[in-house]
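All values below come from the heavy atoms of this structure, side chains included, with hydrogens, waters and symmetry mates left out.
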Amino acid sequence: MSESTVEPAARRMGGKPPVSAVIVTFNPNVANVVAILDALEMQVERVAIVDNGSATLVSDALTRLAQARGCVFVGLGANLGIAAAQNRGADEVVALMPASSQSARFILFLDHDSLPTPDMVAHLLATDARMRDQGERVGAVGPLTLDKRTRTAGRFMQAGTWWIRRRACRPPCLEMKVDFLISSGTLIRVDVLRDVGGMNEGLFIDHVDTEWCVRAVNRGYALFGACHATLLHSLGDEVIRVWLLRWREVFVHSPLRDYYMCRNTLAIMRTIPMTFAWRLFLLTRLASSIVFFGFVASPRLTRWRMMWAGLVDGCSGKSGPR
């Protein structure tokens with residue numbers, strides 16, 4: 001099946017595929033949101049902007065932008081976390097879908113610092129259709145990420161028996177079965193989201209996508225990375241290049257994100273059934289992150305304190321915002 005398989009659906013929607021986008025914002029550069037809306041104009045039938053408690057001036061600007069572009073605007077009034085914002089946005093767009101065809105429509109999740117290429121949604125839909133025609137029980141499809149700052153292409157994650165491998169897309173590969181997709185750029189059909197359930201709001205931010213992906217796979221769904229779908233994205237506040245057997249790019253977040261990373265790693269390992277490969281991978285990444293950020297990334301003392309607090313809260317089962 002070719003990429004053109006999405007065209008009949010697009011024509012039925014007056015040239016737009018049966019996809020609703022949910023963009024989550026938190027004090028964004030409004031110009032970035034404008035760029036996302038421009039990129040999505042012919043790719044989706046509806047857009048919801050869910051603002052997670054941005055400053056008043058930013059929130060007001062987003063409200064005016066949504067009105068001018070015919071978007072749904074949901075102002076949460078406070079930072080309730082990425083999971084809560086995604087769930088609220090999904091509820092809003094599903095409520096506007098025709099009841100007779102809700103299950104066969106799609107939701108595209110995006111962060112405010114992501115920019116889809118003009119054909120990203122078409123490639124995602126084509127991958128979804130192609131895999132379903134091959135008998136796969138598709139849970140979600142996601143794009144190849146390209147870092148805005150370094151132009152480094154991301155790699156997809158696949159679980160082996162003992163470890164989680166990262167695999168690059170290489171021609172002539174159109175898609176690959178994966179075990180993890182970052183939330184931004186992920187396309188999920190409504191019936192799948194209903195069956196698997198929404199995002200875990202107790203996690204607030206980090207590992208929200210990890211937890212949902214593991215949960216979907218546990219329910220028998222398959223995840224796919226679409227090699228020709230591209231999303232410009234920024235992970236972390238800055239990028240550090242380090243030599244660890246080869247040159248690697250390490251994404252550095254704020255100390256508060258270090259807290260959530262530590263807490264939520266332990267939380268999902270305690271509460272979600274997962275393979276040995278996932279457990280070993282998460283524990284190894286947790287240990288290496290604590291060492292690296294605790295000794296290399298400033299402010300080191302603050303990071304040590306936040307990571308320790310995250311470990312304590314992860315062990316005790318605390319959830320929600322800190």
Exercise. Does some side-chain heavy atom of L76 sit less than 4.5 Å from a side-chain heavy atom of V50?
Worked result: yes

Exercise. For T145 and H233, does a side-chain donor sit closer than 3.5 Å to a side-chain acceptor?
Worked result: no

Problem set entry | Side-chain heavy atoms of R165 within contact of M157, under 4.5 Å | no

Exercise. Taking the six-membered ring for Trp, are H123 and H228 parallel (under 30°), tilted (30 to 60°) or perpendicular (over 60°)?
Worked result: perpendicular

Problem set entry | Taking every non-hydrogen atom, the tightest pair across G314 and R270 | O-CD, 3.5 Å

Exercise. If Ile, Leu, Val, Met, Phe, Trp and Tyr residues are connected whenever their side-chain heavy atoms lie under 4.5 Å apart, and connections chain through other members, are L144 and L231 in the same group?
Worked result: no

Problem set entry | C227/C169 sulfur atoms closer than 2.5 Å | yes

For this session: Run the numbers on L37 and L65 for side-chain contact (heavy atoms from CB on, under 4.5 Å), then give the verdict.
Result: CA-CA 10 Å; L37 295 180; L65 176 62; 3.8 Å; yes

Exercise. When hydrophobic residues are tied together by side-chain contacts of less than 4.5 Å, even through go-betweens, does L203 share a cluster with L266?
Worked result: no

Problem set entry | Cluster link M97 to F109, ILVMFWY, side chain under 4.5 Å | yes

For this session: Return yes if some donor-acceptor pair links the side-chain N/O of E175 with the main-chain N/O of G225 below 3.5 Å, else return no.
Result: no

Problem set entry | Between R194 and Q102: side-chain donor-acceptor atoms closer than 3.5 Å | yes

For this session: Run the salt-bridge test on R215 and D195 with the 4.0 Å N-O cut-off and return the result as yes or no.
Result: no

Seminar exercise, completed: On a heavy-atom basis, the closest approach of A21 and L40 is CB-CD1, 3.8 Å

Problem set entry | Donor-acceptor contact present, side-chain Q158 to main-chain F180, <3.5 Å | no

Problem set entry | Side-chain donor or acceptor of W163 paired with backbone N/O of A277 under 3.5 Å | no

Exercise. When hydrophobic residues are tied together by side-chain contacts of less than 4.5 Å, even through go-betweens, does L311 share a cluster with M307?
Worked result: yes

Exercise. Below 4.5 Å, heavy atoms only, C-beta onward: do W212 and L193 meet side chain to side chain?
Worked result: yes

For this session: Please say which of L187, V192, V19, V94 ends up in a side-chain contact (heavy atoms from CB on, under 4.5 Å) with I107.
Result: V94

For this session: Please assess I268 against V214 for the test side-chain contact (heavy atoms from CB on, under 4.5 Å), listing each intermediate value before the final yes or no.
Result: CA-CA 9 Å; I268 63 175; V214 173; over 6 Å; no

Exercise. Rounded to the nearest 0.5 Å, what separation is found between the CD1 atom of I182 and the SG atom of C213?
Worked result: 10.0 Å

Problem set entry | Side-chain touch V58/P28, heavy atoms, less than 4.5 angstrom | yes

Problem set entry | CG on D313 to CZ on R322, rounded to 0.5 Å | 7.0 Å

Problem set entry | Side-chain donor/acceptor of N52 to backbone N/O of G81, under 3.5 Å | yes

For this session: Using a strict 4.0 Å threshold on nitrogen-to-oxygen distance, state whether R132 and D128 make a salt bridge.
Result: yes

Problem set entry | Exam field: side chain T275 to backbone W278, donor-acceptor pair closer than 3.5 Å | yes

Exercise. Side chains of V30 and H112: closer than 4.5 Å at any heavy-atom pair?
Worked result: no

Exercise. Between D206 and R257, is there a salt bridge with N-O shorter than 4.0 Å?
Worked result: yes

Exercise. Okay, side chain of S288, backbone of R285: is any donor-acceptor separation there less than 3.5 Å?
Worked result: yes

Seminar exercise, completed: Closest heavy-atom pair, D191 versus R189, reported as atoms and distance to 0.1 Å, is OD2-NH2, 2.8 Å

Problem set entry | Stepwise side-chain contact (heavy atoms from CB on, under 4.5 Å) check, I49 with T63 | CA-CA 9 Å; I49 299 173; T63 302; over 6 Å; no

Exercise. Is the distance between the ring centroids of W308 and Y259 under 6.0 Å?
Worked result: no

For this session: Indicate yes or no: does E136 engage K177 in a salt bridge with an N to O separation below 4.0 Å.
Result: yes

For this session: Using modelled atom types only, decide if a donor and an acceptor are shared between the side chain of Q86 and the backbone of M199 within a distance under 3.5 Å.
Result: no

Exercise. Is N218 close to P273 at the side-chain level, that is, under 4.5 Å between some pair of heavy atoms?
Worked result: yes

Exercise. Out of curiosity, T25 OG1 to F73 CZ, how far, rounded to the nearest 0.5 Å?
Worked result: 6.5 Å

Exercise. In terms of heavy-atom contacts, does CH2 of W162 have more than 12 from other residues, nucleotides or ligands at under 6.0 Å?
Worked result: no

For this session: Considering non-hydrogen atoms only, spot the tightest contact between F156 and M176 and give its length.
Result: CB-SD, 3.8 Å

Exercise. Which heavy atom of T302 sits nearest a heavy atom of P255, and at what distance?
Worked result: CG2-CB, 3.9 Å

For this session: Find out if a path of hydrophobic residues (ILVMFWY) with successive side-chain heavy-atom gaps under 4.5 Å connects V47 to L62.
Result: yes

Exercise. Regarding S54 and D51, is there a side-chain donor-to-acceptor distance under 3.5 Å anywhere?
Worked result: yes

Exercise. Just how far is it from atom NE2 of H253 to atom CG of D258, taken to the nearest 0.5 Å?
Worked result: 8.5 Å

Exercise. Tell me, do L146 and T117 make a side-chain contact under 4.5 Å, heavy atoms counted?
Worked result: no

Exercise. Would E41 and K16 pass as an ion pair if we require N to O under 4.0 Å?
Worked result: no

Exercise. Quick one: does S183's side chain have a donor or acceptor within less than 3.5 Å of a partner on D209's backbone?
Worked result: no

Problem set entry | side-chain contact (heavy atoms from CB on, under 4.5 Å) between D113 and N29, worked out | CA-CA 8 Å; D113 58 354; N29 182 330; over 6 Å; no

Exercise. Does CZ belonging to R170 count more than 12 external heavy atoms closer than 6.0 Å?
Worked result: no

Problem set entry | Spacing of CG belonging to N264 relative to CD belonging to E211, to within rounding of 0.5 Å | 9.5 Å

Exercise. Taking atom CG of L125 and atom CE of M120, what is their separation to the nearest 0.5 Å?
Worked result: 9.5 Å

For this session: Look only at the side chain of K318 and the backbone of R263, and say whether a donor-acceptor pair between them is shorter than 3.5 Å.
Result: no

For this session: Identify the two heavy atoms, one from G142 and one from L124, that lie closest to each other, and give their separation to 0.1 Å.
Result: C-CD2, 3.5 Å

Exercise. Is any side-chain heavy atom of P18 less than 4.5 Å from a side-chain heavy atom of E45?
Worked result: yes

Problem set entry | Backbone N/O of G70 and side chain of R46: donor-acceptor pair under 3.5 Å | no

